[in-house]
> 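Mind looking over this structure? Questions follow.
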Amino acid sequence: MPETAEQPDGMQALGVALQCSAQATGQRRALLLSGTADWTLDAAQSIARAVPPAQQLWLSTRTLPGQDNIAPRQAGQQLGSERDLVVYDAHGGLDADAFAAISGVIRGGGLLLILSPPLAQWPSLPDPEAERFFTPGPGPSRFIQRFIDSARQAPGVFVVEQGQSLPTPPIDSAPPRQRPAPDTVCRSEDQAEAVAAILKVARGHRRRPLVLISDRGRGKSSALGIAAAQLLQGGLQRIVVTAPRMGAVAPVFEHAHRLLPGSRLQRGCVETDQARLEYWAPDELIARRPETDLLLVDEAAAIPAPMLEQLLSQHARIVFATTVHGYEGTGRGFALRFNQVLDRQTPGWRQLRLRQAIRWAEDDPLEAFVLGALLLDAGIADAAALSHIEPQALLEASRAQYIPVDRLMQDAALLSQVFGLLVLAHYRTRPNDLRQLLDSPAVQLYCLRHDDIILGVALLVEEGGLAEALATRVYLGQRRLSGHLLPQSLSYHAGIRDAARLRYLRLMRIAIHPLAQGQGLGSRLLRAIVADMDPQRHDCLGTSFGLTGELLRFWRRLGFVPARLGLMREHSSGSHALIMLRGLSAAGQELARQARMRMQVQLPALLSDPLRDFDAELAGQLLSGKPPPSNTLDDDDWQDLIAFAFGQRGYEFSLAAIAKLVDQAAGEADFMAGLEAQQRHLLMVKVIQRRSWEEVVAACRLSGRAAAIQLLRTAIQQLVVRHCPADTLAALRRSLQL
């Protein structure tokens, strides 16, 4: 009689058998335990008894009885560590990003346990991890169903359902073929070759960059740390590491510290008495341009190409490293986007790929399962498929169409091409984006295709349509909603009170096949989308992107107008974000006109304070067609002033109106009457002289920026009460509930 999942001894024996199989091959195995939360926990604990506690890692959104566990969103903190057993509890939801990240922590011979609700029920259950990013639809989760199907079909992944018979474990007795390590430091021949190549960049001819690419688990980041330690021991004084986030390069610092006797490890820094290895964020590195002996750029695929190009021009000795398939970004897209830049600027550059897995043996079943289930290996049409088509024929024969999500589930090749293009085109595309694509009812997909070849994709999301009371709270900064980027920014930042009540379609991603770019396909796809829009359903089509002159001209040619400029540079792109709109309905067209006018009216004041370092040429393009200046305070100005003075509206978002009020009041003999000395001083140094917040805090002897803003609110309150018509003030305070 076969053993069932209810028998603890049988479950423990299955776990031991899987571990023996994994250890015999040097590969990894996975076990999906499906049932009630208590049963799956008991089953996992039964299996875990065979593994030392120090080699276990448990992830769960709940507190697990008898277990120390971390929340899934802390998975990134474990990168660089190695465990024999990882348990992911999906009863509180499945965070696809965390699952992808934590799978790489398991070493060869290790085991992954996935605890899930009953498989028949799981796709239909609420998932708080998904709800952090979007509002799921009413039906079953397509993403979870696809995950289950992938697990059932994947070799090396075993599914155990509560009350069902246990699967037959594999029998693997032959030990894996081991490659001898070339030395005591590097763990593979590939890694040793990579270290030697990094040393050559530092010691050889200038302007000969190195590009390291690898799948996860190949020792890429370790190679950077090993090489850095050897170079610092050999006389280099300053090596800088950059990456999208400091946590991504923790293994670099850990390996360097281990190999540098007497070194000191701090957050983002390893130093000896003579030398330093230190982390700099990409945008800070570009802005401050520190002197370095060598620059190491890790996870380069997750850094926008324009920033990489700036780093390349600023540093004579530079190594780029990136992951081919990974949640941090894709090396395939990096290569397609960036190789031409390298050919043009540094023709002596070299590429090296690390193929040998270090943490696990080749053909690892768990790696294949994760890549397939999360589409980290999604592919696009190759060069051969496009080589026989003339560019003009490609443009004329391509057709744009709306793609229902159900069709993606029925056509695996279509889904792979679509998501593959999204991954290639955007450094931020991650596994949770696949879930949003498959499960969010607010997402719409359009494709541009030539026969079976997907040439372009556009991903749109519905936003806005908020009720009046909620829209007012968003305007005042009292509520922040998940998603709704355009309506929230236009309401709170741009100061258009009713903006959040309108209905938007935001272009989240647009991607054109890299071998078909520059032929007008993007414009063709977007024009087809505009033609397909229904003004009865949506008021505006909008987009937000890191501003460049080229992109500004592109969107303007398609009928979009600038609507709101971000005040801070984005860490990811090094550029200021710009929102552009194209009105669809009459209300949407009026909103686009109003937003453009308000931005242009407010921009001069912003350019003299928070945007004083903004690119002058881009500022000129945004100000083109600006209406004549007016010193008269209009209804929009009073609304901004009252929302700032009596509410929580930000200073910079009300700056133009505040400056106009203070300028108007300054001409009166009793301008400062009734104000305290500290308030008068604050108005002078901040509003009139436009000094930085740091200077203002020091000059006014305040505890910090928050105290300065609060004092400024009280000063503006008095000026508003003195100068705003009483009926206007009463009406606006009443409507804003202030």
Side-chain angles (χ1 to χ4, degrees), residues 463-481 484 486-504 539-540 563-564 585-588 590-595 597-599 601-602 605 630-666 668 670-671 673-676 679 682-683 687 706-738:
E463 298 181 338
L466 305 186
E468 182 178 5
L470 180 56
T472 298
R473 296 189 69 191
V474 169
Y475 167 77
L476 293 171
Q478 297 171 346
R479 276 290 305 273
R480 285 184 62 88
L481 307 176
H484 296 280
L486 296 182
Q488 289 194 99
S489 187
L490 292 169
S491 177
Y492 178 64
H493 297 131
I496 303 174
R497 180 178 170 185
D498 292 331
R501 301 189 65 189
L502 272 66
R503 301 154 302 168
Y504 303 80
D539 297 298
C540 278
R564 196 257 159 178
S585 67
E590 172 58 24
L591 174 76
R593 184 201 66 79
Q594 183 183 3
M597 184 183 69
R598 279 183 65 81
M599 188 195 74
V601 168
Q602 294 170 348
S630 170
N631 289 326
T632 303
L633 289 157
D634 58 23
D635 290 343
D636 287 338
D637 291 325
W638 285 121
Q639 184 166 279
D640 283 347
L641 287 164
I642 291 168
F644 171 76
F646 298 96
Q648 295 299 314
R649 185 163 175 74
Y651 170 77
E652 285 79 10
F653 311 136
S654 311
L655 175 56
I658 291 172
K660 195 183 292 187
L661 172 64
V662 172
D663 184 60
Q664 176 179 302
E668 303 173 358
D670 60 348
F671 165 45
L675 296 178
E676 299 174 357
Q679 290 176 319
L682 178 59
L683 286 176
V687 181
I709 292 176
Q710 187 55 45
L711 185 63
L712 188 58
R713 289 191 201 280
T714 61
I716 298 300
Q717 282 177 9
Q718 296 183 51
L719 294 181
V720 166
V721 170
R722 189 186 307 171
H723 292 88
C724 182
D727 55 346
T728 300
L729 176 59
L732 284 173
R733 291 194 66 175
R734 185 167 55 251
S735 67
L736 295 173
Q737 298 182 357
L738 295 174

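Note that these values count all heavy atoms, side chains included, but never hydrogens, waters or copies made by symmetry.
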> Would a distance-only check, ignoring hydrogens and angles, find a side-chain to backbone donor-acceptor pair under 3.5 Å from R598 to A494?
yes

> Judged by atom type as modelled, is there a donor-acceptor pair below 3.5 Å linking the side chain of T714 to the main-chain atoms of L711?
yes

> What is the minimum heavy-atom distance between Q717 and F646, and which atoms define it?
CG-CE2, 3.9 Å

> Working to the nearest 0.5 angstrom, can you tell me the gap between M597 CE and D636 CG?
6.5 Å

> Looking only at heavy atoms, which two atoms of A657 and D640 are closest? And how far apart?
CB-CB, 4.1 Å

> Between A499 and P487, which heavy-atom pair has the shortest distance, and what is it?
O-CB, 4.2 Å

> Do M599 and R564 make a side-chain contact, defined as non-hydrogen atoms from C-beta onward lying under 4.5 Å apart?
no

> Using 0.5 Å steps for rounding, measure from the CG atom of L641 to the CG atom of L732.
10.0 Å

> Please report the interatomic distance NZ(K660) to CD1(I658), rounded to the nearest 0.5 Å.
12.5 Å

> From L729 CG over to R722 CZ, what is the distance, rounded to the nearest 0.5 angstrom?
14.0 Å

> Using side-chain contact (heavy atoms from CB on, under 4.5 Å), reason through H493 and E652 one step at a time and then give a plain yes or no.
CA-CA 9 Å; H493 297 131; E652 285 79 10; over 6 Å; no

> May I ask you to test the F644-L655 pair for a side-chain heavy-atom distance under 4.5 Å?
no

> Quick one: does R649's side chain have a donor or acceptor within less than 3.5 Å of a partner on Y492's backbone?
yes

> So with a 6.0 Å cut-off around CG of D635, is the heavy-atom count from everything else above 12?
no

> Looking at H484 and G464, would you say the former's side chain and the latter's main chain have a donor-acceptor pair under 3.5 Å?
yes

> Side chains of E468 and R501: closer than 4.5 Å at any heavy-atom pair?
yes

> Rounded at 0.5 Å granularity, tell me how far CD in Q737 sits from CG in L476.
8.5 Å

> For R497 and Q639, work out which heavy atoms get closest and say how close.
CB-NE2, 3.2 Å

> Where do D539 and A587 come nearest, in terms of heavy atoms and distance?
OD1-CB, 4.2 Å

> When you compare the side chain of L682 with that of V687, does any pair of heavy atoms fall below 4.5 Å?
no

> Please report the closest heavy-atom contact between A605 and A656, naming both atoms and the distance.
CB-CA, 4.1 Å

> Under the criterion side chain to side chain contact (heavy atoms under 4.5 Å, CB included), which of V721, I642, L661 is the partner of I716?
L661

> Does atom CD of E590 have more than 12 heavy-atom neighbours, drawn from other residues, nucleotides or ligands, at distances under 6.0 Å?
yes

> Between CG of L486 and CZ of R503, what distance do you get to the nearest 0.5 Å?
14.5 Å

> Within a strict 4.5 Å, meaning less than it, do heavy atoms of the L502 and L490 side chains meet?
no

> Can you check whether V474 reaches L466 side chain to side chain, under 4.5 Å on heavy atoms?
yes

